[in-house]
> 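This is the structure I want to talk about, given as structure tokens.
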Amino acid sequence: MHLFEGDQGECLKADIISTVEFNHTGELLATGDKGGRVVIFQREQESKNQPHRRGEYNVYSTFQSHEPEFDYLKSLEIEEKINKIRWLPQQNAAYFLLSTNDKTVKLWKVSERGRRPEGYNLKDDDGRIRDPSTITMLRVPVLQPMDLMVEATPRRVFSNAHTYHINSISVNSDYETYMSADDLRINLWNLEITNRSFNIVDIKPANMEELTEVITAAEFHPNQCNTFVYSSSKGTIRLCDMRAAALCDKHSKFFEEPEDPSNRSFFSEIISSISDVKFSHSGRYMMTRDYLTVKVWDLNMESRPLETYQVHDYLRSKLCSLYENDCIFDKFECVWNGSDSVIMTGSYNNFFRMFDRNTKRDVTLEASRENSKPRAILKPRKVCVGGKRRKDEISVDSLDFSKKILHSAWHPTENIIAVAATNNLYIFQDKVN
Amino acid sequence: MIGKGLKRKLSDDDLLEAAVMQKGTGLYLDQRQSVLNISLDKFQRGQMMAEPSLRRSVLIANTLRQIQDEIRQENSGMLAENCSNATTGTGTINGAHSVPPVVEPSNNREVPPQRLSLENHPLSSSEGDDWMMLSSEEDFSLSSAISSILKELDVVLDGSSAPVPPRIPLSSIENVTTETKGSPGVKLDTLVCKSDRSGNYADGYKLCDSVFGNFEVLSSSYLNDVPLDDLFLDIDTSVYERESGSLGSVLSGRTFSTTAGEELLKYLPSCSPSFTTNPSCRDLNELEHIMEILVGS
């Protein structure tokens, strides 16, 4: 198992972080918060002078992505909280990302300006108009270096296509289209076109009284641009092929694990609701997160998952209380590491869990400032279920359910993870001896 | 355990949770009742939230339905030990099917009738005076509760109508006003579960939650003859700032049968500035006012 050392522990005091995402090279890390802001971190270039500072992440750009809106017709506020950020693959010097709140997706361009033209003829470098009588010769403006400026500009705004709350966005591998999913519908967009989108999934029943299931997450296949999956609140995943039909209401594959009758309770359906679905980097597997477990599925086997990992099974006997205080509705995300050998997901008390798929070993770590000084190695934590509590263990009843790790990200190639704990962002790296 | 600083409501919560889930035992029934109460409470709170979450509401509704199915099966004597179809959510939830009046579950535990007569459902009882018996009929009121709640969901979220509250069909208005004048029988004022519910909330909600029909009622031909502008002279529309984006988006997704309906949509009474207060009470008064005008009383 990897040893992780605490890094600087960037602390964003301002607001609760609602999404975390590395870009495709891992050079940039974006976070979105409840206040509608996006903060992008950039990894320092490694320098030979200071080898122990292995590429730390520093703030690169901050901008307000979404503002709160008010829908006068329904008398409902539209939250500015950023639900998801997804990076586009880099094609030139600028960086592009999609960010979304409940209703509107925006494409942002983040670019650097390091030079500016100087030496205009008709105006000064300050911008003041020069007196024409003082101009005696012509000069050609040249680009001179200036202090680096990073600016973010909204390039596209994709709005008015979702009646319900957007929970997912996913960029297609063709790099031309992307999809946005809300509770009942999924729309396909062209990145260039903002006034049109195609509805590819619609599970709204004709009569809303018959509604029993909603879409909880959706993602495009990493390699096959015609394939995507979406998960539901009933614990099912549907894989759809866009070549089969324009409206993908009929799935190509249907993944569902039969229920274990010995674990049946009033809350069986609620805890089976899938909160996140992620394809592996290879595209052979997908991972789903429900309330108590993480499951890895082989795309060729629909009948049951390949692997099931218990995240916090000690909560199974507490479901009624968790239902009462609404914690049972928390939506945890899950992530793969770069080689698809380790999976990670969050839990309560600022704990997060990692499972090694090959060695079958798992570890519980904590993201908190009291327990991890910079460059300290994280100590594995343990929750004791009953009976005698050993030293260093924490009992189930002492867990803090207001401290939940819902969002995290793993660097695409290295062992660097970003964990969002409420309003703090923790970045952990592999320890180098 | 239930978040820091919050007092536990039931002292035997742990007992309930730890109990093995044997159907038919008193403990199981206790927990089922407890879950039922909590669910009803949660559902309403969810509707009242500034941001109703559809996923949460659907999950709670399914839990309620599951319990309802179980109760129904028990009462019709068809409870099978391995019956696990309750969670699939199939089967009708329309309360208007012919389920005979249900005797209370046999555990002799007192279930105050008010808890379950929450959603007295004038429209679904148009077939007769069934609603007078609702207070003692767990099953009927539950299914009508669920169907009305889900219809409400559609109304609130999909915007086929205005914000809370949607319009009350005219026929049921008379029933309601008659009722509130103190005729015996079902108490419309009663509300679910928790005794700490504020009075305003209860009153506002009881009316909102009766089934409302949707917006098409107002766009029927009845209104074509009514000069709409006159109806709303007293409403201060100057505070209403039209936002073209949101209006456009909402209008495009809807089917209006008349332009009168569109006009009505724009001047709905919920355009007052204090959006953060509980909309149901305020809108309720305005709604009644409007209805009085329409009915011509």
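First the proteins, then the strands, lettered A, B, ... as listed; each starts at 1.
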> At a heavy-atom separation under 4.5 Å, does A/D326 approach chain B through its side chain, its backbone, both, or neither?
both
> Measuring from atom CG of B/L59 to atom CD1 of A/I328, what distance do you get when rounded to the nearest 0.5 angstrom?
9.0 Å
> Locate the shortest heavy-atom distance separating B/R55 from A/D330; write the atom from each residue and the value.
NH2-O, 4.5 Å
> For A/E213 and B/V58, which heavy atoms make the closest approach, and how far apart are they?
N-CG1, 3.8 Å
> If I compare all heavy atoms of B/L54 with all of A/D183, which pair ends up nearest, and what's the gap?
CB-OD2, 3.4 Å
> Using heavy-atom distances under 4.5 Å, tell me whether A/S273 contacts chain B through its side chain, its backbone, both, or neither.
side chain
> Less than 4.5 Å to any heavy atom of chain B: does that hold for the side chain of A/L184, its backbone, both, or neither?
side chain
> Checking A/T216 against chain B: side chain, backbone, both or neither under 4.5 Å from a heavy atom?
side chain
> Has the side chain of B/K42 got a donor or acceptor atom that lies under 3.5 Å from a matching backbone atom of A/Y323?
yes
> Within this structure, what is the OG-CZ distance for the pair A/S233 and B/R56, rounded to the nearest 0.5 Å?
14.0 Å
> Do A/C320 and B/Q31 make a side-chain contact, defined as non-hydrogen atoms from C-beta onward lying under 4.5 Å apart?
yes
> Enter the distance from B/S39:OG to A/F267:CZ here, rounded to the nearest 0.5 Å.
7.0 Å
> Looking at A/Y314, I'd like to know if its OH atom is crowded, meaning that more than 12 non-hydrogen atoms belonging to other residues, nucleotides or ligands lie closer than 6.0 Å.
yes
> Taking all non-hydrogen atoms of both residues, which atom of A/F266 and which atom of B/T63 are closest, and how far apart?
O-CG2, 3.8 Å
> How many angstroms lie between atom OG of A/S321 and atom CD1 of B/I38, to the nearest 0.5 angstrom?
8.5 Å
> Is the number of heavy atoms from other residues, nucleotides or ligands within 6.0 Å of NZ (A/K331) greater than 12?
yes
